[in-house]
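The structure presented is a predicted model; accordingly, all values stated were derived computationally and were not measured.
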Amino acid sequence: MSDKYRTIIPHVGLHKTGTTSIQASCQFRHHDLLLRHGIKSASFSFMGKLRANHSGPVTAALLDDPDQYSEEWRVGLGGDPGRAQQEFRRHFDQVLENPEADTLLLSGEIFSIFQVKHMKQLRKRLLRHAEQLRVLVYLRNPLHSIESMMEQRVRAGAVPRPDALVGLMKKRYLNLEKAFGPALEAYNFDDCASGPLGLVGSFLHTCGVPEQDLRDMEVEMANVRGSLEGYRIMEAINLRYPSNQETGQTTMRQPRDTRPLYALPGARFGLFDDGEARWLQQAQAEKHWFEERLGIKFKERAAAPPEGTWGFDTLAELEGRIRELPLPELKSAALDFLDEEAGRLEDTRRDTATILRFIARRIREIAAYPPPPVLREIGPAYFKAGATQVRQYSPELSLRLLRVVQMLQPDREEISKKIAQLERDLADSDG
């Protein structure tokens with residue numbers, strides 16, 4: 001084996017172009033297939049765990065301060081990032097200095113957000129150990145890229161604005177072009193994803209795996225686009241409780257604390273506008289710039305918002321998903337959003353509005369009670385006495401306490417009559 005690689009392939013993203021699926025396939029599912037064709041996907045591990053995404057390990061190995069790009073690399077390090085950085089440096093040196101194949105593959109989308117000086121630092125480091133570089137970058141319609149970034153950021157606790165994201169794709173591509181020059185190879189994400197080999201198969205073929213070994217390959221896609229309904233609930237939560245990561249504020253938020261909403265079924269998330277918004281015009285101009293510069297054709301965006309939001313599948317899972325939120329504050333923000341959405345739909349979709357209100361009310365009422373075993377231990381007599389004591393100055397609370405008694409003693413006709421009378425009294429007072 002030569003003391004140099006024939007080729008090193010840095011796969012640099014861009015973000016939201018299927019990098020997670022590509023990385024998982026190269027590191028775990030198709031690692032041996034790559035090796036059979038002379039391609040080594042670099043392996044970085046810490047505390048016995050392999051990292052399919054090379055973003056963190058390579059950044060930590062290359063730079064003294066990897067946090068300047070993202071602290072995500074610290075996840076799963078057991079509170080010992082200093083030792084992890086030493087391990088990643090050792091692994092990086094080892095994989096560069098001891099070739100086990102003709103080609104080395106490094107995949108990290110974070111490389112695309114490096115400053116140009118750090119991109120050049122990475123290029124210089126790799127060229128010491130290779131005859132050539134092939135820098136692979138995948139591009140998609142800038143509007144689709146903005147939508148994916150917005151979904152990723154709302155999951156991180158932010159309330160993203162599309163106008164703040166316009167131009168990022170072009171800026172990152174130009175930086176890569178400046179740092180890597182003719183070694184940069186641009187591919188149309190849309191064409192690759194819709195082609196006969198699929199995105200991952202197309203990527204492996206580009207790296208050097210023959211097409212006949214890739215036919216009928218099954219690949220699970222990661223980070224599938226979420227629903228519009230889930231996005232809007234997360235956005236409402238973030239408006240009330242912004243995350244520390246995005247705002248610097250001290251809040252109770254934790255990473256991925258809205259995860260139960262990620263897979264809420266519903267209408268496909270997207271940005272929809274009348275076409276007059278300035279950010280949309282800028283995104284369209286950016287799309288045309290890429291198409292003319294690279295001679296590619298991007299997939300067009302959906303022109304109109306989806307019909308049928310808050311369909312049966314969404315409503316069937318909505319209560320369970322909100323109950324899974326880890327903090328009562330997050331649930332409260334989600335339920336307030338359901339009430340607001342019900343008000344918006346009242347005139348056009350009254351049935352849906354009624355169901356949304358019912359779900360919100362049901363979660364609030366059940367959350368207000370202690371768990372049934374605790375209620376049984378306290379006993380119905382306690383709640384019955386309390387209902388009598390507060391009846392005069394708080395009939396609403398008296399009604400809630402009587403319903404607890406009814407839950408514990410469902411066959412007591414006397415309690416049912418008292419509840420019915422109190423409900424009539426409250427209805428008359430509202431009228």
Asker: Start with the C-alpha gap between I8 and L96, add the side-chain angles, then the distance that decides, and say whether side-chain contact (heavy atoms from CB on, under 4.5 Å) holds.
Answerer: CA-CA 9 Å; I8 293 181; L96 289 177; 4.0 Å; yes

Asker: With heavy-atom distances below 4.5 Å as the criterion, would you say the side chains of K40 and P99 are in contact?
Answerer: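 When only atoms from C-beta onward are counted, P99 and K40 do not touch, as no gap falls below 4.5 Å.
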
Asker: Whether E319 and R323 form a salt bridge (side-chain N of Lys/Arg under 4.0 Å from carboxylate O of Asp/Glu) is what I want to check.
Answerer: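 The answer is yes: the pair qualifies as a salt bridge.
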
Asker: Using modelled atom types only, decide if a donor and an acceptor are shared between the side chain of Y231 and the backbone of R268 within a distance under 3.5 Å.
Answerer: no

Asker: For the pair R134 and E185, find out whether any cationic side-chain nitrogen is under 4.0 Å from an anionic carboxylate oxygen.
Answerer: yes

Asker: Would you sort out whether R253 and N238 count as a side-chain hydrogen bond (donor to acceptor under 3.5 Å, both in side chains), showing the intermediate values?
Answerer: CA-CA 9 Å; R253 298 294 300 272; N238 297 345; 3.0 Å; yes

Asker: Find the distance between CG (L126) and CG (L62) and round it off to the nearest 0.5 Å.
Answerer: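 It is 8.0 Å, given to the nearest 0.5 Å.
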
Asker: Counting the benzene-type ring for Trp, do H11 and F203 have ring centres under 6.0 Å apart?
Answerer: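 Yes, the ring centres sit under 6.0 Å apart.
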
Asker: Ignoring hydrogens, what is the shortest heavy-atom contact between T206 and L136? Give both atom names and the distance.
Answerer: CG2-CD1, 4.0 Å

Asker: For Q85 and W73, what are the C-alpha separation, side-chain angles and deciding distance, and is it a side-chain hydrogen bond (donor to acceptor under 3.5 Å, both in side chains)?
Answerer: CA-CA 10 Å; Q85 187 170 26; W73 76 279; over 6 Å; no

Asker: Mind telling me whether F298 and F290 have parallel, tilted or perpendicular rings, with 30° and 60° as the class edges?
Answerer: perpendicular

Asker: Do you know which two heavy atoms are closest between G38 and A101, and how far apart they sit?
Answerer: O-CB, 3.4 Å

Asker: Who pairs with K178 by salt bridge (Lys or Arg N to Asp or Glu O under 4.0 Å), at least two apart in sequence or on another chain?
Answerer: none

Asker: side-chain hydrogen bond (donor to acceptor under 3.5 Å, both in side chains) between D102 and H37: does it pass, once the steps are laid out?
Answerer: CA-CA 9 Å; D102 289 335; H37 294 286; over 6 Å; no

Asker: Flag the pair D67 and R74 as a salt bridge only when some basic side-chain nitrogen lies within less than 4.0 angstrom of an acidic carboxylate oxygen.
Answerer: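 Between R74 and D67 there is a salt bridge, with a charged N closer than 4.0 Å to a carboxylate O.
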
Asker: Does some side-chain heavy atom of Q282 sit less than 4.5 Å from a side-chain heavy atom of D163?
Answerer: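 A side-chain contact under 4.5 Å is absent here.
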
Asker: Do the two ring centres, one from Y138 and one from F189, sit under 6.0 Å apart?
Answerer: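 Between Y138 and F189, the centre distance exceeds or equals 6.0 Å.
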
Asker: Check whether any side-chain heavy atom of Y262 lies under 4.5 Å from a side-chain heavy atom of M234, and answer yes or no.
Answerer: yes

Asker: Evaluate the criterion side-chain hydrogen bond (donor to acceptor under 3.5 Å, both in side chains) for residue pair R232 and S227; output intermediate values, then yes/no.
Answerer: CA-CA 9 Å; R232 293 181 62 205; S227 68; over 6 Å; no

Asker: Please report the closest heavy-atom contact between L63 and R89, naming both atoms and the distance.
Answerer: O-NH2, 3.3 Å

Asker: Check the pair C26, L34 against side-chain contact (heavy atoms from CB on, under 4.5 Å), reporting the backbone distance first and the verdict last.
Answerer: CA-CA 7 Å; C26 292; L34 286 166; 3.9 Å; yes

Asker: Below 6.0 angstrom between ring centroids: does that apply to Y5 and H129?
Answerer: no

Asker: When you check the gap from the basic side-chain N to the acidic O, do R172 and E109 get nearer than 4.0 Å?
Answerer: no

Asker: Less than 4.5 Å apart, side chain to side chain, heavy atoms only: is that true for P160 and V154?
Answerer: yes

Asker: Within 45° of the ring axis of F46 and under 6.0 Å from its six-membered ring centre, is that where the NZ or CZ of R51 lies?
Answerer: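 Relative to the ring axis of F46, which defines the angle, R51 lies outside at least one limit.
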
Asker: Looking only at heavy atoms, what is the nearest atom pair of L197 and S202, with distance?
Answerer: CB-N, 3.7 Å

Asker: Mind checking ring pair (Phe, Tyr, Trp, His ring centres under 6.0 Å) for F88 and listing every partner two or more places apart, or none if nothing turns up?
Answerer: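 By the ring pair (Phe, Tyr, Trp, His ring centres under 6.0 Å) rule, F88 matches no residue at all.
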
Asker: Could you report the tightest heavy-atom contact between Q68 and H118, atom names first, then the distance?
Answerer: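 Taking Q68 first and H118 second, the nearest heavy atoms are OE1-CE1, 3.5 Å.
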
Asker: What closest approach, in Å, do D313 and P265 show between heavy atoms, and which atom pair accounts for it?
Answerer: O-CG, 3.5 Å

